[in-house]
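The structure appears right after this line, and notes come after that.
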Amino acid sequence: MNVADSMRVASALEKMGYHDTGKANDADVIILNTCVVRQSAEDKAVGRLSSLRPLKDENPNLIINLMGCMVGIKNTDVLQKRFPYVDVFSPPSDPEPLVKHLLEKEGRLHELDETLTRFAIMDGDLVLPDAVQDNLVSSFVSVVLGCSHACTYCIIPYRRGVEKSRPPQDIMQEAQSLARQGVKEITLLGQIVDRYGKDDPDYPTLGGLIRRLHTVEGIERIRFLTSHPNYMTTELLDTVANYPKAMPHIEVPIQAGNDQVLENMRRGYTNTQYRELVAQIRERIPGVSIATDIIVGFPGETETQYQDTYDLLADLKLDVAHLARYSPREGTVSARRMPDDVPDEEKWRRFRALEELQTEIVTQIHAGYLDKTIPVLFEGKSKKGRWRGRTETNKLVFVESDQDLLGKLLPVQVYWTGPWTMLAKISA
Ligand code: SAH
């Protein structure tokens, strides 16, 4: 979502006449877009921000804009005191404070309304920034902003505000403008993307939205993330199954395999319900790949409770498990009421054991791709000069070729597989 937000800011600034310098040292305006979902992300943001201070000391005209979840929707006072050298604070997904500041500085503030409509910020047309013009194959499109779910560990609802779906016509317009600029794949984003449309009776469901987007010429693949198990519908699954542009890849986090831990997290489902959901997804979408997120070391998680998570992953054999160690976030229910009592070494031990298990599982899953001929969409080149693409199931594939494969959707034959990537050659 931050990638999508950053692109929108870059696009807005370029329309005002700014351009990408490539290096912070050469810039007149520096925007730091931040994530604070875990302490490590926040530490990284603070470190980067502090490293910008000398630039500001050298060049007092430099404008520093702190953006994203570190700012949140009502956090500026504290931050202003802590980082007095920051000129502008912007909440997530909102370039307006920066645009306003720059116009004000240039004595063009009267153009604000016009500028914002012209930039169609968060709505409608999106002209891709120069840096990715003509080479962006896959783009993110935010469809649900904010989140109202309040999982006890999660800071996102506090920082991104209440859930709000974007109007379907804006999303259509954005997809069309991306397609005109050569984008072939869009990934629809929301903290709980399968709740799309639930906040407005006039909006379609996520399935309905995907069916509309399916008509956009030039867009060849549609993905979406992240889904919450409780909002996954058969209508959505059948849309994925029956509409060829909708990719058979579902990101649906479980977070923990034990019912008590799930309740403490306030996730709203049980281990059994999740297993049933996975069975249903697999039944309705043949060949589907499934990704999940897991937090180990949630407050009070015992060894046996953690073992339920291990067993669940071992049984379900999912394609991807994004693993995280619990990190208490200020202001969340778990940070306020539940002591962070699983020691760090123990969190690491659980993390590594799951990582090892999952590596074995995906190694096996990927081996099943060996010698198969499958369609791959090429997104760019790797550092080693090989073409990088993705299967329908979102697996990373590398191909050696002298041809220009950018944006091409081609059948390839897989000749090597590992836990993270596959190698293939273009099928004759
Ligand atoms: N809204 C999405 C994604 C949230 S952020 C969802 O709910 O699935 C991505 C992942 O970060 C989450 O799925 C969760 O596994 C992890 N995460 C969120 N808060 C965390 C915390 N306090 N400590 C550790 N991991 C966390």
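All residue numbers in this chain count up from 1 along the given sequence. As the structure is a computational prediction, the values presented were derived from the model and not from experiment. When a ligand or atom number is given, it counts from 1 through the structure's own listing order.
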Closer than 3.5 angstrom, by distance alone: can the side chain of [X] be matched with the main-chain N or O of [Y] as a donor-acceptor pair?
X	Y	result
R223	E392	yes
T421	V397	no
S177	L126	yes
S165	Y196	no

Under a 3.5 Å threshold, I'd like every N/O contact between ligand 1 and protein atoms, with atom names and distance.
residue  : atom   : partner : partner atom : Å
ligand 1 : 1 (N)  : Q191    : O            : 2.8
ligand 1 : 1 (N)  : Q191    : OE1          : 2.9
ligand 1 : 11 (O) : R38     : NH1          : 3.1
ligand 1 : 13 (O) : Q255    : NE2          : 2.8
ligand 1 : 13 (O) : D293    : OD2          : 2.5
ligand 1 : 15 (O) : Q255    : OE1          : 2.7
ligand 1 : 22 (N) : Y153    : O            : 3.0
ligand 1 : 22 (N) : S327    : O            : 2.8
ligand 1 : 23 (N) : S327    : N            : 3.0
ligand 1 : 25 (N) : R38     : NH1          : 3.2

Any donor-acceptor N or O pair under 3.5 Å, side chains T391, Y369: no
Listed partners of R211 passing side chain to side chain contact (heavy atoms under 4.5 Å, CB included), at least two apart: E235, T239, Y243
